[in-house]
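FYI, side chains are in, hydrogens and waters are out, and symmetry mates aren't considered; it's all heavy atoms of this structure.
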Amino acid sequence: MSVGRGRIAILGVGWSALNTGSALLISVIVFIITSRLMGPQEFGVVALAISIITVVGCATPGGFGEAIIQRVEIADEHLDTVFWLCVGSGLIFFVPIVLLADTVAEIAGEPILTLLLPFFGVKMILDLVAVVPQALIVRAMKFKHIAARTAIGNSISGLICILMALNGYGVWALAMAPMITSVVSLAILVWAARWIPGFRVRVSAVRDLLRFGLFASANNALYFLNIDRLVLGFLAGPAVLGLYFLGKRLFDLLNGVTSGVIQPVSTVFFASIQKEPDTHIRALRNALRATVIISFPVFGGLLSVADSAVPLVLGDHWIPAVPAVQAFAVIGLFAALVATSHALATGLGRADLPFIVDLLRNLMAVVAILLFLNQGFPAVMAALVAAHAVMLPGTFLIARKLAGVTLRQYLEPLFMPMLATLAMCAVLQVLPGFLPEAGPAMILAAQIVVGATVYLGIILSLSGREIAELKQTFSKGAAGE
């Protein structure tokens, strides 16, 4: 790997961190305010509407944008073809969304879906228009534009959402936020990409991108499909779905600022070294080490404080959601391994491998929900954790097949972060006993400060050499094993 690529990668991590960090800060503020003003029913209805639109969107070729990123050589006909495929499919699928909205609302027993479904259908079209501009920006590793898009879009949508919620708009306050984000994001991406679509649509361009694009689209479908939400929404009702949504939303926020910081940069980085197989193992281990170092303490900490933090921060009406928050905290620990393997496979052009693993994981999640739904919400969440855990070996098998890494090489970067996280969690559990006179807010603040101090102290003392090597590798671009 060249020095230039290494420095671009480290800059990409920085911009990606700014991107997800700004998004997290804004989203957390909006999430806390709206959660205190509204309950599981409102969140559940919006989550159900988005999930239904996502099912329709899964039939669109949005994953072809990743094919543009991964392909070594790209031509104008590739860009134009993907653009019109995306836009055309979005317009075609918008029609049944409008026509069937009343029927779906009647089946779900939620009349508001009659309006929400077409509303989110427009958002689906806007997101498809943005596929090619975003792919061009990511391909060029111009992550500062992605950061600007996220920060500006989330700021504007968050402000509008809060104002609408405070003025009693309820469900529509929650629905407006993602719509505004899509509008602002599209405007920034089009401006930053400096690209105007033409009409050079070619069948040969489809053939060039077909295999990777189909599997990438399928991967996106599995990620965004949220079939678990659909099953819970229709079988258990919006209120239960709202509890589940809270845990999933916290997971998405924290995963975005941990694994989400590293994964997009890692994907492009792996794509840039796909013809240098001797560099794959070290690049994989570095990406894995960087991801788990920031992911493990965040989700381990959430698992330790969830039962006290949820009612304190969001209100007592969210106490039934604690099992979901704890379950997704455990799943967040798994997500670091999944993200790294997926970045490796996508970057090396093997989107089919993560698709197979994710398909099995989603099927097992649905089976878990169906089997344990009658045993209560906590049992459902425990079953979902088990379903994710069973599929963990698949992440190693992907890394083994593509990079040739051994099990010991794969597990070694996990050991010290795991040890430091366990020590941190132990401290978090016993700390309240040393503060008998403190209130819940003071205890939570102390847990955050002391937990972070303990983790950083252990990880820096036990993994200082590895962290220094990681920094040197990225700064100098030394990817060779």
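A heavy-atom distance below 4.5 Å is not found between the side chains of Cys425 and Leu303. Side-chain contact between Leu384 and Phe372: absent, with no pair of heavy atoms (C-beta onward) separated by less than 4.5 Å. No side-chain heavy atom of Tyr169 sits less than 4.5 Å from a side-chain heavy atom of Leu174. For the pair Val330 and Phe299, the minimum side-chain heavy-atom distance is 4.5 Å or more. At a threshold of 4.5 Å between non-hydrogen side-chain atoms, the residues Tyr455 and Pro417 count as touching. Taking the side chain as every heavy atom from C-beta outward, Trp172 and Leu115 approach each other to under 4.5 Å. Between Pro178 and Lys123 the shortest side-chain heavy-atom distance falls below 4.5 Å. Residues Leu353 and Lys401 form a side-chain contact, since some pair of their non-hydrogen atoms from C-beta on lies under 4.5 Å apart.
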Determine, step by step, whether Val104 and Glu110 satisfy the side chain to side chain contact (heavy atoms under 4.5 Å, CB included) criterion, reporting the C-alpha distance in whole Å, the side-chain angles of both residues, the deciding distance to 0.1 Å, and the verdict. CA-CA 9 Å; Val104 175; Glu110 294 292 339; over 6 Å; no
Dump the intermediate steps for side chain to side chain donor-acceptor pair (under 3.5 Å) on Ser157 and Thr181, then the final yes or no. CA-CA 6 Å; Ser157 66; Thr181 298; 2.8 Å; yes
Run the numbers on Gln375 and Val380 for side chain to side chain contact (heavy atoms under 4.5 Å, CB included), then give the verdict. CA-CA 7 Å; Gln375 299 185 33; Val380 169; over 6 Å; no
Applying side chain to side chain contact (heavy atoms under 4.5 Å, CB included) to Leu235 and Leu370, what does each step give before you reach the verdict? CA-CA 9 Å; Leu235 296 183; Leu370 295 176; 3.6 Å; yes
Take Met391 and Val338, measure what side chain to side chain contact (heavy atoms under 4.5 Å, CB included) needs, and give me the verdict at the end. CA-CA 10 Å; Met391 294 308 302; Val338 175; over 6 Å; no
Salt bridge (charged side-chain N to carboxylate O under 4.0 Å, His left out) between Asp252 and Arg249: does it pass, once the steps are laid out? CA-CA 5 Å; Asp252 289 338; Arg249 181 58 176 156; 5.1 Å; no
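From Leu411, atom CG reaches atom CG of Leu288 across 9.0 Å, with rounding to the nearest 0.5 Å. Separating the CG atom in Leu100 from the CG atom in Leu113 is a distance of 13.0 Å, to the nearest 0.5 Å. Taking CD1 of Ile53 as the reference point, atom CZ of Phe119 lies at 11.5 Å (rounded to 0.5 Å). Within the model, atoms CD1 of Ile319 and CG of Leu312 stand 10.5 Å from one another, a figure rounded to the nearest 0.5 Å. Put simply, CG on Leu333 and NE2 on His388 are 12.0 Å apart, with the number rounded to the nearest 0.5 Å. If you take CD1 on Ile293 and OG1 on Thr421, they are separated by 10.0 Å, rounding to the nearest 0.5 Å.
No donor-acceptor pair under 3.5 Å is formed between the side chain of Arg350 and the backbone N or O of Ala345. Put simply, the side chain of Thr60 never gets that close to the backbone of Val56: no donor and acceptor are under 3.5 Å apart. The backbone N or O of Gln409 lies less than 3.5 Å from a partner atom in the side chain of Arg285, making a donor-acceptor pair. Checking side-chain atoms of His342 against main-chain N and O of Phe355 turns up no donor-acceptor pair under 3.5 Å. In this structure, Thr346 contributes its side chain and Ala343 its backbone to no donor-acceptor pair below 3.5 Å. Here the side chain of Asn255 pairs no donor or acceptor atom with the backbone of Phe251 at under 3.5 angstrom. Distance alone, capped at 3.5 Å, is enough to place a donor-acceptor pair between the Glu42 side chain and the Gly39 backbone.
Here the closest heavy-atom approach between residue Ala165 and residue Ala173 is recorded as N-CB, 3.5 Å. Residues Pro40 and Ala239 share a closest heavy-atom pair of CB-O, 3.4 Å. Phe270 and Thr340 get closest at one heavy-atom pair: CE1-O, 4.4 Å. Scanning all heavy atoms of the two residues, the minimum distance from Leu246 to Ala321 falls at CD2-CB, 3.3 Å. When all heavy atoms of Pro297 and Met424 are compared, the closest pair comes out as O-CE, 3.3 Å. For the residue pair Pro432 and Gln447, the shortest heavy atom distance occurs at CG-NE2, 3.6 Å.
For the residue pair Ser259/Ser295, the side-chain donor-acceptor check at 3.5 Å is satisfied.
More than 12 heavy atoms of other shown residues, nucleotides or ligands fall within 6.0 angstrom of atom CZ in Phe94.
Below 30°, between 30° and 60°, or above 60°: for Phe43 and Phe245 the angle between ring planes is between 30° and 60°, a tilted geometry.
When each of Phe377, Trp318, Phe328 is checked for a ring pair (Phe, Tyr, Trp, His ring centres under 6.0 Å) with Tyr244, only Phe328 meets the rule.
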